[in-house]
Amino acid sequence: MTRCPPLSALATLALAATLALPLAAQAQQAPPPAGQRTFPEAAQRGTLKIVNGTSAELNGKPIRLAPGLRIFTPQNALVFAHTLAGKSLKVNYVIEASTGMLHTAWILTEAEAKQPRKSSGATVTNIRTGT
């Protein structure tokens with residue numbers, strides 16, 4: 001049976017360098033400073049009140065909860081929706097585009113709540129003034 005010849009030292013080095021490229025690219029992405037969370041661009045600001053396991057009120061309007069709903073505490077830990085029933089919470093949230101259900105919510109700290117963010121009731125235009 002014919003076997004492949006062993007790789008030369010140069011070929012082994014080239015293979016190792018090729019495999020290390022994705023790791024080097026990941027290492028260049030700096031994480032956010034400790035204690036600071038980043039939110040998706042599509043996230044909006046609002047007030048969330050869980051009614052029961054399948055529904056809630058978002059900015060006073062009823063909304064269904066997606067089956068895969070994720071709610072993050074200010075410490076960025078996941079929490080079950082039923083544990084927050086009846087509480088009014090200031091959140092950043094993402095609505096699932098295909099179903100219109102609440103997909104992800106982040107309970108905000110006071111500092112995060114003070115930062116400006118688009119809310120679902122805001123008027124948004126693409127008009128720019130100036131140069």
Show me the donor-acceptor pairs, under 3.5 Å and distance only, between side chains in residues 102-110 and residues at least two apart or in other chains.
unit_1	atom_1	unit_2	atom_2	d
T104	OG1	R70	NH2	3.3
T109	OG1	E112	N	3.2

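Closest heavy-atom contact between L48 and A56: CD1-CB, 3.8 Å. Scanning both residues, V94 and P40, for their nearest heavy atoms gives CG2-CG, 4.3 Å. Residue R45 comes nearest to N92 through the heavy atom pair NE-OD1, 2.7 Å, listed as atom of the first residue, atom of the second, then distance. In this structure, G53 and L65 approach most closely via the heavy-atom pair O-CD1, 3.7 Å.
Both I50 and I95 are part of a single hydrophobic cluster, where members link through side-chain heavy atoms under 4.5 Å apart. By the rule that hydrophobic residues join a cluster once side-chain heavy atoms approach within less than 4.5 Å of another member, L84 and L69 end up as members of one cluster. In the hydrophobic clustering of this structure, L89 does not group with V51; members are Ile, Leu, Val, Met, Phe, Trp, Tyr whose side-chain heavy atoms approach within less than 4.5 Å, directly or through other members.
Not counting sequence neighbours, T47 has no partner by the side chain to side chain donor-acceptor pair (under 3.5 Å) test. Remark: E96 engages T99 in a side chain to side chain donor-acceptor pair (under 3.5 Å) (not counting sequence neighbours).
Counting only residues at least two apart or on different chains, no side chain to side chain donor-acceptor pair (under 3.5 Å) pair has a member in residues 77-90. Within the structure, the ring pair (Phe, Tyr, Trp, His ring centres under 6.0 Å) test picks out no pair touching residues 41-62 (sequence neighbours left out).
As a member of the Ile/Leu/Val/Met/Phe/Trp/Tyr network built from side-chain separations under 4.5 Å, M101 groups with nothing else and remains a singleton. Side-chain contacts under 4.5 Å among hydrophobic residues (ILVMFWY), followed directly or transitively, place F80 with no other residue at all.
Residues I71 and V91 are not in side-chain contact: their nearest non-hydrogen atoms beyond the backbone lie 4.5 Å or more apart.
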